[in-house]
Amino acid sequence: LAPLHAAAVATQTGQAAQTGERDVWIDGAYVSAPVFARERLDANANIAGPALIEQYDTCTYVPPRWSARNEGAMLLLERRHA
């Protein structure tokens, strides 16, 4: 497997939603992952993993090779192909 790197974020999310980065442990190594404030995500924003989406009551981890789409009241996580 190729080494993991923080994924590029779709332009729909907007820079305002990203609050920073955090190291996460993935496959035996730390990887820098962007952190997003859920309340600042645009409607239908897509975020490629690895990433963290924080809100007042929880934190959602988006694994590598997955993406999260903001669907208003819920986040839809989907596995990406290759």
Side-chain angles (χ1 to χ4, degrees):
L1 293 174
L4 298 174
H5 301 284
V9 176
T11 57
Q12 290 179 315
T13 62
Q15 290 292 338
Q18 187 171 348
T19 61
E21 293 186 354
R22 187 170 301 145
D23 287 341
V24 293
W25 186 259
I26 302 171
D27 294 333
Y30 282 104
V31 175
S32 182
V35 178
F36 296 89
R38 169 105 187 260
E39 69 276 3
R40 296 194 319 204
L41 288 176
D42 295 338
N44 295 314
N46 284 298
I47 297 176
L52 298 167
I53 303 171
E54 296 180 329
Q55 63 187 62
Y56 73 94
D57 61 346
T58 194
C59 180
T60 301
Y61 169 63
V62 184
R65 295 173 288 282
W66 285 71
S67 64
R69 186 171 66 238
N70 185 22
E71 298 261 326
M74 66 180 166
L75 290 172
L76 177 64
L77 273 71
E78 297 178 304
R79 189 171 198 159
R80 297 187 317 250
H81 298 287

Closest non-hydrogen atom pair, [X] against [Y]:
X     : Y     : value
Ala73 : Arg38 : C-NH2, 3.5 Å
Pro50 : Ile26 : CB-CD1, 3.7 Å
Ile53 : Ala68 : CD1-CB, 3.8 Å

Glu78 with Arg80: basic N within carboxylate O range, under 4.0 Å: no
For residues [X] and [Y], determine if any side-chain heavy atom of one lies less than 4.5 Å from a side-chain heavy atom of the other.
X     : Y     : answer
Thr19 : Phe36 : no
Leu52 : Arg22 : yes
Val24 : Tyr30 : no
Leu77 : Arg69 : no
Val62 : Leu75 : no

Gap between atom CZ of Arg40 and atom CD of Gln18 - 0.5 Å precision: 10.0 Å
Distance, nearest 0.5 Å, that separates CD of Glu54 from OH of Tyr61: 14.5 Å
Whether Gln55 side chain and Asp57 backbone form a donor-acceptor pair below 3.5 Å: no
Evaluation steps, side chain to side chain contact (heavy atoms under 4.5 Å, CB included), between Asn70 and Asn44: CA-CA 5 Å; Asn70 185 22; Asn44 295 314; over 6 Å; no
